[in-house]
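The block underneath contains the structure these notes are about, expressed in structure tokens.
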Amino acid sequence: MSVLEVTSELYGEAEFCSTDTGNGNAISKFTFVYPNRRDCAATVNGGSQSEQTNGMDKRNDQIEADREEEEEEECYTASQQSQAKQPMIKLDKDGDVVVERRRKGAIEIELGSGVGLTSIVASMYAREVICTDIDIEGLLDLIRGNVQRNAHLSNPHCRVHVTELDFKVSYQDYPRDLKTKLQDVQYVIAADVIYDDDITEAFVRTIVSLLLELPKLKAIYIALEKRYVFTLEDMDSVAPCYDYFLRYFEKRNGRFGVNRWKLINVCMNFPRYFDYDKVKDLVLLKVCHASK
């Protein structure tokens with residue numbers, strides 16, 4: 001079986017501390033800033049969140065922030081069978097999305113969780129978080145360890161579940177316990193799952209199934225980085241994986257002669273809470289029912 005080494009252009013420039021665990025993994029500390037819990041409650045209860053998304057500098061001037069460190073154990077290699085093979089290390093932009101659009105009291109599920117960073121951030125605000133990926137090479141146990149390692153950051157009333165969800169398994173074949181939990185899910189989050197056409201097709205089929213089957217689902221947020229390559233066919237730099245996702249989603253969306261869902265490109269002008277370069281190729285998409 002082929003083995004891939006996982007790398008990230010963004011993390012190559014970010015400053016964070018990693019410690020070798022001696023078992024082929026490493027524990028990394030990610031420093032981030034977030035509004036303190038008192039201000040979070042006031043924001044949500046007070047109404048509009050968009051009034052406070054005027055940029056990093058203004059946010060730092062206006063509200064007090066708590067600075068924390070999150071620890072993640074990371075596996076730097078993964079087999080080609082893993083749906084999280086390209087970035088086992090989750091990009092901090094998805095953590096930014098969760099902090100900026102914090103849904104206090106919500107029930108959320110993360111798809112393709114990797115090491116679970118985004119789910120841990122979501123647990124600071126949510127009532128319940130379902131953290132999912134495929135169960136390969138001890139990945140789910142690694143996520144459980146990371147959740148426990150960062151338990152002091154979580155909302156004490158939040159329940160975090162770590163379970164398997166394989167994009168290539170149809171919704172009808174999900175375990176009964178998972179189906180039961182999914183019935184209350186309001187938001188789906190996913191990051192960096194668009195990099196391979198086969199996995200992209202399976203991912204789209206998964207989110208379409210969730211849109212059809214989950215009665216309380218309000219929106220799906222997908223964060224990704226456009227990865228450009230130069231092709232002789234186009235004689236230009238293109239983002240083939242991103243373009244293929246858009247084409248395949250539209251194909252599934254319009255297969256009954258009508259578009260059931262909207263795909264919205266969300267503005268990324270909110271503050272940076274994690275330490276990374278917010279380059280122009282980062283994209284945040286929102287999928288919701290066309291009637292909403």
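Being a predicted model, the structure only gives us computed values, none of them experimental.
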Could you pull out all residues at least two apart from [X] that satisfy side-chain hydrogen bond (donor to acceptor under 3.5 Å, both in side chains)?
X      : result
Tyr171 : Gln183
Asp177 : Lys181
Asp141 : Arg144
Arg260 : none

Please check: side-chain N/O of [X] versus main-chain N/O of [Y], any donor-acceptor pairing under 3.5 Å?
X      : Y      : value
Gln186 : Ile107 : yes
Glu108 : Val129 : no
Thr132 : Glu110 : yes
Asn155 : His157 : yes
Asn253 : Trp261 : yes
Asn150 : Asn146 : yes
Asp133 : Gly114 : yes

Do Asp197 and Thr200 have side-chain atoms, one donor and one acceptor, less than 3.5 Å apart?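 Distance-only check fails for Asp197 and Thr200.
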What I want to check is whether the side chains of Glu225 and Tyr242 have a donor and an acceptor closer together than 3.5 Å.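 The answer is no; no qualifying pair exists.
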Would you check if [X] and [Y] make a side-chain contact, meaning some heavy-atom pair closer than 4.5 Å?
X      : Y      : result
Tyr187 : Ile109 : no
Leu111 : Val193 : no
Ile220 : Leu211 : yes

Quick test of your reading: applying salt bridge (Lys or Arg N to Asp or Glu O under 4.0 Å), list the pairs with at least one residue in residues 208-220, sequence neighbours left out, ordered by first then second residue.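 Listed once each, the pairs are Asp184-Lys216.
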Please identify each residue that fulfils ring-ring contact (aromatic ring centres under 6.0 Å, His included) with Phe203, with sequence neighbours left out. Phe167
Residues in side-chain contact (heavy atoms from CB on, under 4.5 Å) with Asp243, at least two apart?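 For Asp243 the side-chain contact (heavy atoms from CB on, under 4.5 Å) partners, ignoring immediate neighbours, are Arg247.
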Go through the structure and list residues passing side-chain contact (heavy atoms from CB on, under 4.5 Å) with Asp198, not counting sequence neighbours.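 Applying side-chain contact (heavy atoms from CB on, under 4.5 Å) to Asp198 gives Asp196.
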When rounded to the nearest 0.5 angstrom, what is the spacing between CZ in Arg205 and OG in Ser170? 10.0 Å
How many angstroms lie between CZ in Arg159 and CD1 in Ile130, if you round to the nearest 0.5 Å?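 The CZ atom of Arg159 sits 9.5 Å away from the CD1 atom of Ile130.
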If you look at every heavy atom in Leu246 and Leu263, which pair is closest and at what distance? CD2-CD2, 3.6 Å
Which heavy atom of Ala106 sits nearest to which heavy atom of Ala126, and what is that distance?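 Nearest pair, atom of Ala106 first, then Ala126: O-CB, 3.3 Å.
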Does NZ belonging to Lys262 count more than 12 external heavy atoms closer than 6.0 Å?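 It does: Lys262 NZ has more than 12 such atoms within range.
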